[in-house]
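Only heavy atoms go into these numbers, but all of them, side chains included; no hydrogens, no water, no symmetry mates. Note that ligands are numbered from 1 as they come in the structure, with each ligand's atoms numbered from 1 the same way. These figures come from a predicted structure and were not determined experimentally.
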Amino acid sequence: MIPASPKILFATSEAHPLIKTGGLADVSGALPAALHALGADIKILIPGYRQVLDKCRHATPFAQLPNPFVPGTVDLLEARLPDTSVPVLIVAYDAFFNREGGPYQMASGGDWPDNALRFGLLSYVAAWLSSQYNTTAWQPDILHCNDWQTGLAPAYLRFWPGRKPPSIMTIHNLAYQGIFGPDTVDMLHLPPESFKMQGLEYYGNLSFLKAGIFYCDRITTVSPTYAREIQQETLGFGMHGLLQERRAVLSGILNGIDTEAWDPRHDPHLPYRYDAKHLDAKTKNKTALQQALGLQVDARAPLVGIVSRITYQKGSDIALAVMHDLVREGVQFALLGTGDKVVELAFIEMAHAHPGRISVTIGYEEGLSHRIEAGADMFLMPSRYEPCGLNQMYSQRYGTPPITYATGGLLDTIMDATPENLGAGTATGFLFTAMNRHACAQAVRRAIALYREPQAWRRLQIAALRRDFSWRKSAGEYLKLYRSLAA
Ligand code: ADP
Ligand code: GLC
């Protein structure tokens with residue numbers, strides 16, 4: 001029998017506003033909330049990092065199990081995602097999770113040396129809750145795993161006896177695969193027969209993500225274009241063969257965005273709120289941003305915003321080169337980001353060389369990210385690949401046309417300002433199709449040329465602002481998938 005409302009366990013290593021390093025957290029907060037609003041019986045499963053415990057002080061006991069890997073007891077606590085009624089199950093095991101630092105990395109930068117055990121435990125608990133060993137009243141009908149940190153769960157389920165609800169593995173970024181030495185197979189209580197090519201072995205090592213992709217029932221990724229791209233060698237990161245083999249169960253469901261947290265009409269982070277009919281207030285945000293960042297207050301200077309992890313994926317090196325090329329042409333830049341220390345330093349030097357024209361903020365600042373989305377005239381995101389990407393959707397919603405490489409979710413969410421799209425009034429941004437600094441700089445120049453035509457620019461902004469990126473549609477697609485699997 002198909003349960004009218006299947007019970008879903010949504011296992012993830014980060015969820016906004018409990019803990020966030022990137023888009024996975026935005027999705028893991030907003031998607032379960034959207035599903036919950038549609039009536040789904042869903043619980044998020046997340047590690048009890050210090051940051052999570054701090055924000056969930058009223059959590060109550062849900063279940064207990066022995067830690068399978070080291071002596072000790074794991075407490076599962078239940079709380080609510082802040083500002084929602086979405087239940088969250090917390091894997092409280094202090095020795096693994098309750099520490100100073102990030103979810104994956106130490107404050108000093110390197111990966112936690114016990115990540116295999118930490119995320120082995122997260123995966124194990126996800127499987128345990130889905131299996132016959134869970135004797136609580138809440139038994140999931142679907143296990144939904146996200147990224148490598150939860151990838152072992154479908155493998156455990158496959159080899160344990162008894163109850164095996166269908167599992168989904170969602171790939172948010174194929175580049176992060178959770179690879180550990182062969183000795184971890186035994187340490188994590190995986191059966192030796194799983195350690196082979198037709199299993200979780202990956203070039204002599206264990207890959208959490210491969211385990212998930214191999215043993216799950218359905219694979220999804222976060223945009224239709226990325227679902228195709230990862231089956232090709234260029235963006236397959238060594239997994240394209242397996243993904244091709246499993247293509248019958250692989251699909252792309254585009255992410256949505258939290259349209260309440262990202263709403264220029266009500267955004268508490270903005271000095272001036274606005275909508276499509278009051279775009280003059282957007283100009284006031286630009287002035288305020290220029291003032292706050294020490295940029296020359298100049299309404300006519302095109303201001304390009306960048307909010308990004310500073311990495312190769314995000315094309316930060318290309319952004320740096322484009323700054324260098326365009327700052328002489330009177331363009332201003334406002335960058336917020338953290339990541340690669342060498343590139344961070346290069347950005348800081350660039351800002352020092354061009355005071356009043358380039359502002360660089362190294363760090364993670366929620367409020368400033370909103371003010372850049374609102375105050376910039378255009379948003380630059382030269383990602384080499386992008387499974388979905390959220391910032392280009394935020395920027396469109398803020399009337400700040402994005403300029404991006406034509407890849408992955410960027411291609412699926414931006415309508416390029418071609419003459420046809422401009423004529424039809426559907427254009428919302430600028431795509432470039434060769435991954436190099438010249439093509440990127442050309443796309444920025446193309447944007448600036450249109451920016452110099454106020455009426456055409458206004459039409460572009462309004463078309464961008466009016467696009468519907470809410471979770472409603474995507475959450476409906478996930479529900480359909482859950483129902484079909486539960487059948
Ligand atoms: P990814 O997850 O690959 O980094 P996404 O575009 O999916 O890329 O999501 C990135 C999220 O992280 C967005 O919500 C973005 O605003 C946020 N973000 C990235 N860097 C920063 C930063 N330095 N300060 C504030 N928010 C940031
Ligand atoms: C990953 C991807 C990003 C995507 C996010 C949420 O971080 O890099 O493109 O938007 O996951 O799915």
Residue selection (non-hydrogen contact nearest atom 7 (O) of ligand 2) among Gly409, Gly23, Ser223, Cys388: Gly23
Under 30°, 30 to 60°, or over 60°: which ring-plane class applies to Tyr398 and Trp262, parallel, tilted or perpendicular? perpendicular
Indicate, with yes or no, if the rings of Phe119 and Phe208 have centres closer together than 6.0 Å. no
Please state which protein non-hydrogen atom is closest to atom 1 (C) of ligand 2 and give its distance, to 0.1 Å? His172 O, 3.1 Å
Answer yes if the ring centres of Tyr176 and Trp148 are under 6.0 angstrom apart, and no otherwise. no
Compute the shortest N/O to N/O distance between Glu386 and ligand 2 and return yes if it is under 3.5 Å, no if not. yes
Verify, without hydrogens or angle tests, whether Ser383 (side chain) and Glu386 (backbone) share a donor-acceptor contact under 3.5 angstrom. no
Write out the residue and atom name of the closest protein heavy atom to atom 10 (O) of ligand 2, then the distance separating them to 0.1 Å. Gly389 N, 2.8 Å
Look only at the side chain of Thr338 and the backbone of Ile362, and say whether a donor-acceptor pair between them is shorter than 3.5 Å. no
Atoms in ligand 2 with a heavy atom of Val27 nearer than 4.0 Å: 6 (C), 12 (O)
Less than 6.0 angstrom separating the ring centers of Tyr385 and Tyr312, yes or no? no
Region of Asn255 that comes within reach of ligand 2 [heavy atoms, distance under 4.0 Å]: side chain
Mind listing the N or O contacts between ligand 1 and protein, cut-off under 3.5 Å?
| residue | atom | partner | partner atom | Å |
| --- | --- | --- | --- | --- |
| ligand 1 | 2 (O) | Gly23 | N | 2.5 |
| ligand 1 | 3 (O) | Arg309 | NH2 | 2.8 |
| ligand 1 | 3 (O) | Lys314 | NZ | 2.8 |
| ligand 1 | 4 (O) | Arg309 | NE | 2.7 |
| ligand 1 | 6 (O) | Leu390 | N | 2.9 |
| ligand 1 | 8 (O) | Lys314 | NZ | 3.0 |
| ligand 1 | 9 (O) | Gly23 | N | 3.3 |
| ligand 1 | 14 (O) | Lys20 | NZ | 2.9 |
| ligand 1 | 14 (O) | Asp26 | OD1 | 3.4 |
| ligand 1 | 14 (O) | Asp26 | OD2 | 3.2 |
| ligand 1 | 16 (O) | Asn391 | OD1 | 3.1 |
| ligand 1 | 23 (N) | Gly363 | O | 2.8 |
| ligand 1 | 24 (N) | Glu365 | N | 3.1 |

Let me have the donor-acceptor pairs involving side chains of residues 165-172, under 3.5 Å, with sequence neighbours excluded, atom names and distances please.
| residue | atom | partner | partner atom | Å |
| --- | --- | --- | --- | --- |
| Thr170 | OG1 | His144 | NE2 | 2.7 |
| Thr170 | OG1 | Thr220 | OG1 | 2.7 |
| His172 | NE2 | Asn146 | OD1 | 2.9 |

Could you identify the single nearest non-hydrogen protein atom to atom 8 (O) of ligand 2 and state the distance to 0.1 Å? Gln313 NE2, 3.3 Å
Do Phe379 and Ile403 touch side chain to side chain, with heavy atoms closer than 4.5 Å? no
When Asp377 is tested against each of Gln332, Gln461, Lys286 for side-chain hydrogen bond (donor to acceptor under 3.5 Å, both in side chains), which residue passes? Lys286
What are the atoms of ligand 2, with element, lying closer than 4.0 Å to any heavy atom of Asn173? 8 (O)
Does NZ belonging to Lys473 count more than 12 external heavy atoms closer than 6.0 Å? no
Just heavy atoms, cut-off under 4.0 Å: does Val222 contact ligand 2 by side chain, backbone, both, or neither? side chain
